[in-house]
Amino acid sequence: MACRISELVLGCRDPEALARFWCEVLDFVVLDSEDNEYVEIGPREGFGGPQPTIVLSRRDEPEPGKARLHIDVNATDRDQDAELERLLELGARPADVGQTGEESWHVLADPEGNEFCLLKTRLGPL
C-alpha cells in the first residue's frame with residue numbers, strides 16, 4: 001500500500017480565524033487545538049478518514065525560502081459560480097498569480113493571503 005495524505009499543515013498568524021474560515025469553506029469542525037499555537041480542523045468523522053485534516057500552526061512571519069501550502073477545493077452542492085460567490089462572501093478574495101483568464105479554475109486568497117484554487121469540477125459529497 002502507498003502513502004496517502006492524512007493532514008495538511010499551514011503556517012499562519014491567527015490559527016483561530018483561519019480555522020473559522022476553512023471550517024465554513026469545507027464544512028469541517030475543530031478537532032483539536034492547543035493554547036493558541038495550533039488548531040486542527042477536519043471532517044466530522046475526525047482524523048484518518050477519506051479527507052485529510054488541516055493543521056493551522058501559528059507562525060508570526062513566513063519562513064524565508066519555505067514553500068507555501070496550496071489547497072485546491074471543489075464545490076460539492078452547487079456550481080462553481082455559486083461557490084465562488086459564497087467563498088468571496090466568507091472573506092476570500094481574488095488572487096493574481098499570473099493566470100491568463102482562460103483557466104477553468106479561480107485563484108483566490110484566504111483572509112491571510114494564502115492562495116487556493118476553486119476548481120470547476122463538482123464533486124459529490126462523501
Side-chain angles (χ1 to χ4, degrees):
M1 177 172 201
C3 293
R4 69 183 177 98
I5 296 171
S6 59
E7 63 188 28
L8 304 170
V9 179
L10 178 61
C12 60
R13 289 182 297 277
D14 189 344
E16 293 79 15
L18 276 190
R20 287 189 299 275
F21 174 82
W22 283 109
C23 280
E24 287 292 325
V25 169
L26 300 170
D27 191 29
F28 275 13
V29 296
V30 173
L31 301 172
D32 193 16
S33 64
E34 182 177 307
D35 299 326
N36 206 22
E37 289 301 311
Y38 77 87
V39 178
E40 182 176 13
I41 63 172
R44 296 176 196 297
E45 308 82 58
F47 180 82
Q51 294 185 42
T53 62
I54 300 174
V55 177
L56 301 154
S57 179
R58 178 171 305 286
R59 298 285 182 269
D60 292 329
E61 295 297 326
E63 296 176 39
K66 186 172 183 180
R68 297 178 69 186
L69 175 68
H70 176 95
I71 299 172
D72 289 341
V73 298
N74 295 76
T76 60
D77 63 350
R78 64 198 79 197
D79 68 20
Q80 185 187 41
D81 291 336
E83 184 63 1
L84 176 61
E85 183 177 324
R86 186 179 84 91
L87 296 175
L88 293 171
E89 288 173 0
L90 288 171
R93 61 186 186 279
D96 182 0
V97 296
Q99 59 269 43
T100 65
E102 298 298 318
E103 294 81 6
S104 63
W105 61 88
H106 294 278
V107 181
L108 303 168
D110 70 17
E112 284 201 9
N114 299 298
E115 294 156 358
F116 68 102
C117 291
L118 171 61
L119 305 181
K120 186 164 185 72
T121 304
R122 182 175 161 187
L123 298 178
L126 293 175

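This is a predicted model, so every value here is computed, not measured. Residues take their numbers from the sequence shown, with the count starting at 1.
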Provide the closest heavy-atom pair for [X] versus [Y] in the form atom of the first, atom of the second, distance.
{"X": "Pro52", "Y": "Pro43", "result": "O-CD, 4.2 Å"}
{"X": "Gly42", "Y": "Thr53", "result": "CA-CG2, 4.1 Å"}
{"X": "Gln80", "Y": "Leu118", "result": "NE2-O, 3.2 Å"}
{"X": "Thr100", "Y": "Glu103", "result": "N-OE2, 2.7 Å"}
{"X": "Leu31", "Y": "Gly46", "result": "CD2-CA, 3.9 Å"}
{"X": "Asp14", "Y": "Glu112", "result": "N-OE2, 2.8 Å"}

Taking atom [atom1] of [X] and atom [atom2] of [Y], what is their separation to the nearest 0.5 Å?
{"X": "Leu8", "Y": "Gln51", "atom1": "CG", "atom2": "CD", "result": "10.5 Å"}
{"X": "Phe116", "Y": "Leu10", "atom1": "CZ", "atom2": "CG", "result": "11.5 Å"}
{"X": "Lys120", "Y": "Leu84", "atom1": "NZ", "atom2": "CG", "result": "11.0 Å"}
{"X": "Arg20", "Y": "Ile41", "atom1": "CZ", "atom2": "CD1", "result": "11.5 Å"}
{"X": "Cys117", "Y": "Leu108", "atom1": "SG", "atom2": "CG", "result": "7.5 Å"}

Donor-acceptor under 3.5 Å (Arg59 side chain, Cys12 main chain):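 The answer is no, because no donor-acceptor pair under 3.5 Å joins these two groups.
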Donor-acceptor contact present, side-chain Asp35 to main-chain Glu37, <3.5 Å: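 Side chain of Asp35 to backbone of Glu37: no pair is present.
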Shared hydrophobic cluster, Val29 / Trp22 (ILVMFWY, side-chain heavy atoms < 4.5 Å): no
Single-linkage hydrophobic cluster Val9~Tyr38, side-chain heavy atoms < 4.5 angstrom: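 Val9 clusters together with Tyr38.
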Can you check whether [X] reaches [Y] side chain to side chain, under 4.5 Å on heavy atoms?
{"X": "Arg44", "Y": "Asp27", "value": "yes"}
{"X": "Pro15", "Y": "Val55", "value": "no"}
{"X": "Leu119", "Y": "Ser104", "value": "no"}
{"X": "Leu90", "Y": "Asp110", "value": "no"}
{"X": "Leu26", "Y": "Ile54", "value": "yes"}
{"X": "Asn114", "Y": "Ile71", "value": "no"}

Arg86/Glu83 ion pair, N-O < 4.0 Å: yes
